[in-house]
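Note sheet for the following structure.
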Amino acid sequence: MPTRYHRLDRFLSQALQVSRSGLRPVLAAGRVQVNGVPVRDRQQRIGPFDRVELDGELLQSEAPRYLMVNKPAGVVSATSDDRHTTVMDLLPASQREGLHLAGRLDFNSTGLVLLTNDGAWSRQLSQPENQVRKHYRVTVEQPLTEDYVAAFSEGMWFEFEGIKTRPATIRILGTYEADVWLCEGRYHQIKRMFGRFDNKVLTLHRLAIGHLVMDDSLKPGEWRELSSLELSSIFPEGKGKHSLCGQGSNSDQ
Ligand code: URA
């Protein structure tokens, strides 16, 4: 999702339908305010969430939005689809403007999906160097054994992509149930990892992204805005520093 940053003169020229040279006296007179401060530098970068005013008249003021959705099974992680209900369809039409998905779940997977209009934030979330760990609860067809623990943490060779998966953590909760933590999101990754043991994944539910935990009062298909506390909990130690990846399985329970 591109982040729309423009030079101030380009932004004003488009918003006001005035040539850039025609804007010079307007800027020089301090008539343009960005986030409440008069700006005279035509080269200043304007981001999507900057508030821009001319003579007190609002030209742009868009607030960043961050939502969590409890995705039900049978819903596509997309903004539009010809055949199936999408995550976006779960929101009323009036709430959809400008939103995109920050990460996906498979059609039959359930649980935490994030929506935002902040492209920089969703990119940060997906960048491997930020290593935001995702927590899943999985039920499978065949009994689980301790062999899975070493195999998941060693990583598995994925022939199609030509990569070895990053160390993943599995904690066996019962004969057919486990928690899995991933530091990446390869195509059908969890299903393929259990597939190495010829073990079919029956249900797959995402419980958390970083320290942001699915609100279990949200029924399947329901959504709500993130609180500012939740928002800051995704990158708890700051961008790219001490991520949750590489820690033991007990670190965020
Ligand atoms: N791994 C999968 O196989 N599917 C998902 O939806 C998420 C992780």
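In each ligand, atom 1 is the first atom listed, and ligand 1 is the first ligand listed. Note that this is a predicted model, so its numbers are computed, not measured.
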Checklist entry - In terms of hydrophobic clusters joined by side-chain contacts under 4.5 Å, are L91 and V75 together? => result yes
Partner of T110 under side-chain hydrogen bond (donor to acceptor under 3.5 Å, both in side chains), picked from K71, R137, H205, is H205
Check for me whether Y136 has a heavy atom closer than 4.0 Å to any atom of ligand 1.
yes
If we number the atoms of ligand 1 from 1 as shown, the ones under 4.0 Å from a heavy atom of S109 are 4 (N), 5 (C), 6 (O)
Note: ligand 1 atoms sitting under 4.0 Å from heavy atoms of H188 are 2 (C), 3 (O)
(Q) Is there a side-chain contact between R186 and E161 in this structure, where contact means two heavy atoms from C-beta onward sitting under 4.5 Å apart? (A) yes
* **Geometric N/O contact I190 with ligand 1, under 3.5 angstrom** => yes
With distance as the sole criterion, is a donor-acceptor pair present between the side chains of D215 and S217 under 3.5 Å?
yes
F194 and F152 aromatic centres sub-6.0 Å:
yes
Between the CZ atom in F197 and the CD atom in Q142, the distance rounded to the nearest 0.5 Å is 12.5 Å
- request: Using distance alone, determine whether D106 and ligand 1 share an N or O pair under 3.5 Å.
  value: yes
Logged contact type for L182 with ligand 1, heavy-atom cut-off 4.0 Å, is neither
So the atoms of ligand 1 within less than 4.0 Å of a heavy atom of K191 turn out to be 3 (O)
